[in-house]
Engineer: 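Below is one structure. I have some questions about it.
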Protein chains: 2
Amino acid sequence: MPEFLDLHSRTTKVLRALVETAMRRHGLHQGQDHLLAALWKRDGGTPGEIAAALHVTTPTVVKMATRMSAVGLLTRRRDEHDSRLVRLWLTDAGRALREPVEAERRNLEEKITADLTEDERRLLMTALGKIHKAGGDLL
Amino acid sequence: MPEFLDLHSRTTKVLRALVETAMRRHGLHQGQDHLLAALWKRDGGTPGEIAAALHVTTPTVVKMATRMSAVGLLTRRRDEHDSRLVRLWLTDAGRALREPVEAERRNLEEKITADLTEDERRLLMTALGKIHKAGGDLL
DNA sequence: CCCTAGTCATTTGCCGTCTAACGATTGATG
DNA sequence: CATCAATCGTTAGACGGCAAATGACTAGGG
C-alpha cells in the first residue's frame with residue numbers, strides 16, 4: 001500500500017473523529033460547521049452556491065439544510081425574483097454558533113500542529129497544496 | 001477557518017474522488033480495497049480483527065462484507081472452534097483483484113506526488129505522521 | 001404568444017461510517 | 001454443573017456523500 005495515500009487516509013480518520021467530537025459539543029455534526037461557515041460569510045446563499053463553495057454536491061447541501069432547519073439553525077425561503085432558487089438564512093441560533101465554533105476549530109488546529117516546527121508547518125502546507133492541485137487536475 | 005484543517009479537508013475530498021473512480025474501474029467502492037488488502041495480508045480474518053486493522057468499527061466491516069460477499073468477492077464462514085467468530089475468506093475473484101488494485105493504487109500515488117521533490121515528500125510524511133500521532137493522542 | 005431548452009432544488013437509492021441495542025456463544029465461578 | 005459475565009457478530013437508525021431521476025420555474029426562439 002502506497003505510503004502517502006495510506007498515511008493520509010489514516011490521518012483523515014483521526015481528524016474526522018476529532019472534529020466530530022469537537023463539533024458535537026455545539027450540537028453540530030461533521031460538515032455542518034462548513035455549511036454554517038458559508039452562511040456566515042454570505043447569508044442567504046442558494047444550495048447550489050453553497051455546494052460549490054464547499055466542493056460538495058447539491059443534494060448533500062439540501063439534506064444537511066433540511067436537518068439543520070429542523071433543529072433551528074437556519075431557515076429556507078424561496079427567492080422573490082426567481083422561484084427556482086431557494087435561499088438559506090441563518091437564525092439567531094445559527095449566528096450565535098460562529099464565535100464558539102471558530103474558536104473550537106482554531107483550538108483544534110493548534111493542538112494538532114503543536115509538534116511541528118515553523119518550517120515543517122510551512123512545507124506541509126505547500127506540499128499538501130501541490131498534492132491538492134495535482135489531484136484536482138486529475139479529476 | 002484554520003489553514004491546515006481546511007486544506008486537509010479539501011485534499012481529502014479530491015483524493016477520495018480520485019480513489020473512488022480508480023477503484024470503480026475494478027468494481028469496488030471506496031474502502032473495499034482496504035478490506036481486501038487486509039484479507040490479502042491474512043485471509044480468514046474475523047470482522048473484529050479486520051475492523052481493528054482498518055481503524056474502523058466492526059459494524060462497518062460487517063456491512064461491507066455483506067455487500068462484497070453478494071458480489072462474490074469473499075465468503076463468510078463460522079469458525080469451527082468458536083461459534084461466536086465469523087471468518088471472511090477471499091474467493092478467486094477477490095484474490096484476482098490484488099495485482100490490478102495494488103498497481104492502481106501505486107499509480108495513483110505516483111501521479112499525485114509527482115510534483116513533489118524528494119525532500120518535500122520526506123518532510124510531508126514526517127509532518128503528517130506527527131499530526132496523525134498528535135491526533136491519535138487527543139482521541 | 002407559445003413551446004422548448006436550460007436551470008434549480010428536491011427525491012430516491014446506494015455506500016461508508018458511527019453509536020447503541022440485540023442475540024448468540026464461550027468460559028469462568030461458585 | 002448451572003449460572004453469569006465477557007466476547008463476538010449482527011441489526012437498527014442516523015449522518016455525510018454521491019449519482020441519477022424528477023419536478024418546477026425561467027428565458028429564449030420561432
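Here the structure is a predicted model, which means the values were calculated and not measured. Excluded from the calculations below are hydrogen atoms, water molecules and symmetry mates; all remaining heavy atoms, backbone and side chain alike, are included. Chain letters run A, B, ... following the sequence lines, proteins first and then strands; every chain starts at 1.
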Engineer: Kindly say whether A:R78 contributes a backbone atom to a donor-acceptor pair with the side chain of A:R87 at under 3.5 angstrom?
Structural biologist: no
Engineer: If the threshold is 4.0 Å, N to carboxylate O, is there a salt bridge linking B:R42 and B:E49?
Structural biologist: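 Answer for the salt bridge query: yes.
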Engineer: Between D:dC8 atom C1' and B:L88 atom CG, what is the distance in whole Å?
Structural biologist: 13 Å
Engineer: Assign B:V62 to base, sugar-phosphate, or nothing according to its heavy-atom contacts below 4.0 angstrom with the strands shown.
Structural biologist: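 Touches a base.
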Engineer: Taking only N and O in the side chain of A:R67, is any of them less than 4.0 Å away from OP1 or OP2 of D:dG16?
Structural biologist: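 It does, given that an N or O in the side chain of A:R67 lies less than 4.0 Å from OP1 or OP2 of D:dG16.
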Engineer: Taking only side-chain nitrogens and oxygens of B:T60, does any of them come within less than 4.0 Å of OP1 or OP2 of C:dG16?
Structural biologist: no
Engineer: Run the salt-bridge test on B:R122 and B:E118 with the 4.0 Å N-O cut-off and return the result as yes or no.
Structural biologist: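 No, B:R122 and B:E118 are not salt-bridged.
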Engineer: Using a heavy-atom cut-off of under 4.0 Å over every strand shown, decide if A:G31 touches base, sugar-phosphate, or nothing.
Structural biologist: nothing
Engineer: Could you tell me the separation between the CG atom of A:L85 and the P atom of C:dC8, rounded to a whole number of Å?
Structural biologist: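 Going from A:L85 (CG) to C:dC8 (P), I get 7 Å.
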Engineer: In whole angstrom, give the distance that lies between atom NE2 of B:H55 and atom P of C:dT17.
Structural biologist: 13 Å
Engineer: Output the rounded distance in Å from CZ (B:R87) to C1' (D:dT7).
Structural biologist: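 Checked: the CZ to C1' distance equals 14 Å.
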Engineer: Of the candidate nucleotides C:dT10, D:dT7, C:dA9, which contains the atom at the shortest distance from the side chain of B:R84?
Structural biologist: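 Of the candidates, D:dT7 comes closest.
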Engineer: Among D:dC15, C:dT17, D:dT10, which is the nearest nucleotide to the side chain of B:R76?
Structural biologist: D:dT10
Engineer: Using heavy-atom distances to pick each residue's nearest nucleotide on DNA chain D, tell me which of B:T58 and B:R16 is more 5'.
Structural biologist: B:T58
Engineer: Check the side chains of B:S9 and B:T12 for a donor-acceptor pair under 3.5 angstrom, ignoring hydrogens and angles.
Structural biologist: no
Engineer: Whole-Å distance between C:dT17 P and B:I50 CD1?
Structural biologist: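 In whole Å, C:dT17 P and B:I50 CD1 are 13 Å from each other.
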Engineer: For B:E20, is there an ion pair with B:R24 - N to carboxylate O distance below 4.0 angstrom?
Structural biologist: yes
Engineer: Name the closest nucleotide to the B:V56 side chain, picking from C:dT26, C:dT17, D:dG17.
Structural biologist: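 In terms of side-chain proximity for B:V56, the closest of C:dT26, C:dT17, D:dG17 is C:dT17.
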Engineer: Would you indicate what B:S83 reaches in the nucleic acid, counting non-hydrogen atoms under 4.0 angstrom: base, sugar-phosphate, or nothing?
Structural biologist: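 Here B:S83 touches the backbone only, sparing every base.
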Engineer: Rounding to a whole Å, what distance do you find between B:D79:CG and C:dT26:P?
Structural biologist: 10 Å
Engineer: I need the CE-P distance between A:M23 and D:dG16, as an integer number of Å.
Structural biologist: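 These atoms are roughly 13 Å apart.
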Engineer: Among the candidates C:dC18, C:dA9, C:dT12, find the nucleotide nearest to the side-chain atoms of B:P59.
Structural biologist: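 Nearest nucleotide to the side chain: C:dC18.
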Engineer: Any idea which heavy atoms bring A:R95 and A:L90 closest together, and the distance?
Structural biologist: NH2-O, 3.6 Å
Engineer: From the set C:dC15, D:dT10, D:dG17, return the single nucleotide nearest to any side-chain atom of A:M64.
Structural biologist: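 When the side chain of A:M64 is considered, D:dG17 is the closest of C:dC15, D:dT10, D:dG17.
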Engineer: Quiz question: going by heavy-atom distance under 3.5 Å, is there a donor-acceptor pair between the base of D:dG16 and the side chain of A:K63?
Structural biologist: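 Absent.
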Engineer: With sugar-phosphate meaning primed atoms plus P, OP1 and OP2, does A:Q32 contact a base, only sugar-phosphate, or nothing at under 4.0 Å between heavy atoms?
Structural biologist: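 Sugar-phosphate only.
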Engineer: In whole angstrom, give the distance that lies between atom CD of B:E20 and atom P of D:dA19.
Structural biologist: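 From B:E20 CD to D:dA19 P: 8 Å.
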Engineer: If you find the nucleotide of DNA chain D closest to B:T66 and the one closest to A:T57, which residue's nucleotide is nearer the 5' end?
Structural biologist: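 Closer to the 5' end of DNA chain D: B:T66.
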Engineer: Starting at the 5' end of DNA chain C and moving along, which residue's nearest nucleotide shows up first, A:R24 or A:G48?
Structural biologist: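 Here A:G48 is the residue nearer the 5' end.
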